[in-house]
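Letters A, B, ... mirror the listed sequences (proteins, then strands); counts begin at 1.
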Protein chains: 2
Amino acid sequence: MAELPPVVARMWDREPTTRRGPRPRLDLATITTAAIEIADAEGLAAVSMSNVAAQVGVAPMALYRYVGSKDELLTVMADSAVPPPPERGNLPWRPYLATWTRLTRDVLLSRPWLLELRPSTPPMGPRRLLWLDRALDALSDTGLDDGQRFHAATVLTGYALTDATLTHSLGAGGTELAARAKGATEYGEILTEVLDPATYPALSAMMRAGLLRDSTGWTEDADFQFGLNLLLDGIEALISRPAR
Amino acid sequence: MAELPPVVARMWDREPTTRRGPRPRLDLATITTAAIEIADAEGLAAVSMSNVAAQVGVAPMALYRYVGSKDELLTVMADSAVPPPPERGNLPWRPYLATWTRLTRDVLLSRPWLLELRPSTPPMGPRRLLWLDRALDALSDTGLDDGQRFHAATVLTGYALTDATLTHSLGAGGTELAARAKGATEYGEILTEVLDPATYPALSAMMRAGLLRDSTGWTEDADFQFGLNLLLDGIEALISRPAR
DNA sequence: CCCTACTCTGTACGTCATACGCAATTATTA
DNA sequence: TAATAATTGCGTATGACGTACAGAGTAGGG
């Protein structure tokens with residue numbers, strides 16, 4: 001039986017019920033909520049141990065009774081910031097996974113600081129695992145085996161993340177650099193200006209043809225739909241293929 | 001015409017050729033190479049302005065004549081660390097994009113610190129754009145329009161990134177937290193222990209069935225292949241669909 | 001009632017990014 | 001050739017940050 005890392009234990013409320021010493025004035029959820037509020041309001045850079053401690057009315061070092069390090073706090077935040085997954089209802093796998101993936105992307109866009117958080121650990125928190133569970137459940141009628149379903153979900157998550165990253169960086173940038181190059185139009189202009197058609201034939205041709213430049217009728221939503229259908233087509237092709 | 005951000009200009013050697021003042025003792029490439037060496041050897045955390053400056057034999061503040069901030073340096077690193085894309089030869093689009101995606105993943109796994117790097121900007125460096133160009137080029141015979149090809153490439157990149165992240169975090173972890181939970185086996189054990197079958201029916205069933213636990217015959221490569229074929233199937237379905 | 005485990009706090013340390021100003025150096029202009 | 005202007009490299013300084021450590025107070029177990 002594997003020993004649980006301390007933070008994981010606290011994420012799942014696996015603390016021993018009775019303990020000595022003064023009763024804790026905080027719990028992990030309070031700290032996490034405060035940290036998330038700061039991140040929502042002022043960005044991830046403002047999430048310092050001092051700021052979080054001030055937000056919950058405690059000295060900075062007190063937080064270390066609940067979290068082993070700032071990194072652990074960020075890990076917990078990355079899980080708690082995720083809302084519950086959508087209800088399945090009696091939707092077939094394909095439309096359910098479509099909204100599932102879209103909502104995953106929307107969460108990332110509504111909390112852009114989640115994009116700056118690179119998970120150094122596979123998901124182990126209750127919220128993200130709940131999302132995973134629902135995706136696997138949606139695929140349970142399809143005849144795919146465990147590994148296939150697991151990876152289908154992984155692929156969809158990855159797509160949501162990629163699309164959110166791209167959309168966000170083309171939209172309202174956060175960094176100074178991104179602020180300078182904000183907007184798909186300006187990005188296209190920069191590329192057009194910098195690319196040598198000899199070494200970048202396909203890309204520069206595409207740019208000169210006006211991709212990303214004339215935004216007439218362009219909706220990022222259509223782009224998302226496109227890639228999503230691509231993935232779902234792939235899954236469908238896999239399902240309707242004879243089992244091996 | 002869009003003004004180029006200063007670092008972008010330097011990445012593309014768009015500096016005026018003659019300038020006053022002392023001749024620069026460095027250039028951006030030297031600094032970047034040094035920074036990459038440090039990241040390769042000691043990890044991204046060891047890439048501080050002081051360390052990089054020491055590596056090239058200069059005072060820390062001297063670097064700011066070449067880079068506007070540490071963030072910019074990281075951006076440039078993220079581009080320079082990427083090798084040239086594979087040659088197309090006369091491969092059809094599908095096998096070419098298969099190795100293209102696999103190599104993308106391999107690059108990320110051979111330089112894990114690239115995974116920790118948040119791309120806050122769409123790719124604007126010469127190396128990454130070259131990769132993009134080759135993928136677009138491979139799709140040029142397929143009858144897909146510009147937007148479709150662009151997004152197909154995006155999807156493949158995203159998949160490589162997702163898979164590399166997962167593989168890396170299940171393999172040799174970097175963080176303390178990941179070190180504790182290293183290995184797919186132990187990850188599976190943790191999940192099995194922590195999941196309540198009532199709220200996580202699909203996932204806990206899958207775990208009890210032994211996914212991720214008995215690694216007999218399990219190769220991460222097969223997993224990668226699986227997801228990749230899924231995507232390529234999706235693209236293929238799109239190609240053979242009548243144009244709209 | 002004392003001991004023991006546990007919580008919170010204040011202080012302190014080392015590191016980091018980077019703002020500012022100065023001296024040295026070179027191309028341009030007079 | 002001499003003066004000017006631009007630009008580089010460097011030293012110093014600052015404020016913020018993560019966190020190690022030690023002590024004081026608190027509550028349950030014996």
* **Contacts of type salt bridge (Lys or Arg N to Asp or Glu O under 4.0 Å), residue B:Arg128, not counting sequence neighbours** => none

* To do: Please list, chain by chain and in numerical order, all residues satisfying side-chain hydrogen bond (donor to acceptor under 3.5 Å, both in side chains) with B:Arg127, sequence neighbours excluded.
  => none

Pairwise N/O distances under 3.5 Å, protein to nucleotides 24-27 of chain D:
none

* Structure fact -> The ring-ring contact (aromatic ring centres under 6.0 Å, His included) partners of A:Trp131 (sequence neighbours excluded) come to A:Trp100

* Structure fact -> In B/S/- notation (B base, S sugar-phosphate only, - none; protein heavy atoms under 4.0 Å), nucleotides 18-23 of chain D written 5' to 3' is SBBB--

* Who passes salt bridge (Lys or Arg N to Asp or Glu O under 4.0 Å) against B:Asp137, sequence neighbours left out? -> B:Arg88

* Mind running a 4.0 Å heavy-atom check of residues 28-41 of chain A against DNA chain C and sending the residues that fall below it, in number order? => none

* Could I get the full list of side-chain hydrogen bond (donor to acceptor under 3.5 Å, both in side chains) partners for B:Thr30, not counting sequence neighbours? => B:Asp27

* Please name all residues satisfying salt bridge (Lys or Arg N to Asp or Glu O under 4.0 Å) with B:Arg102, sequence neighbours left out, ordered by chain then number. => B:Asp221

* Applying side chain to side chain donor-acceptor pair (under 3.5 Å), which residue pairs with at least one partner in residues 194-204 of chain A are found, sequence neighbours left out? -> A:Ser204-A:Arg208

* To do: State which residues pass salt bridge (Lys or Arg N to Asp or Glu O under 4.0 Å) with A:Asp106; sequence neighbours excluded, sorted by chain then number.
  => none

What pairs of donor and acceptor atoms, side-chain ones from residues 44-62 of chain B against any protein atom, are under 3.5 angstrom apart with sequence neighbours left out?
{"from": "B:Ser48", "atom 1": "OG", "to": "B:Asn51", "atom 2": "N", "distance (Å)": "3.1"}
{"from": "B:Asn51", "atom 1": "ND2", "to": "B:Ala46", "atom 2": "O", "distance (Å)": "2.7"}
{"from": "B:Gln55", "atom 1": "NE2", "to": "B:Glu37", "atom 2": "OE1", "distance (Å)": "2.9"}

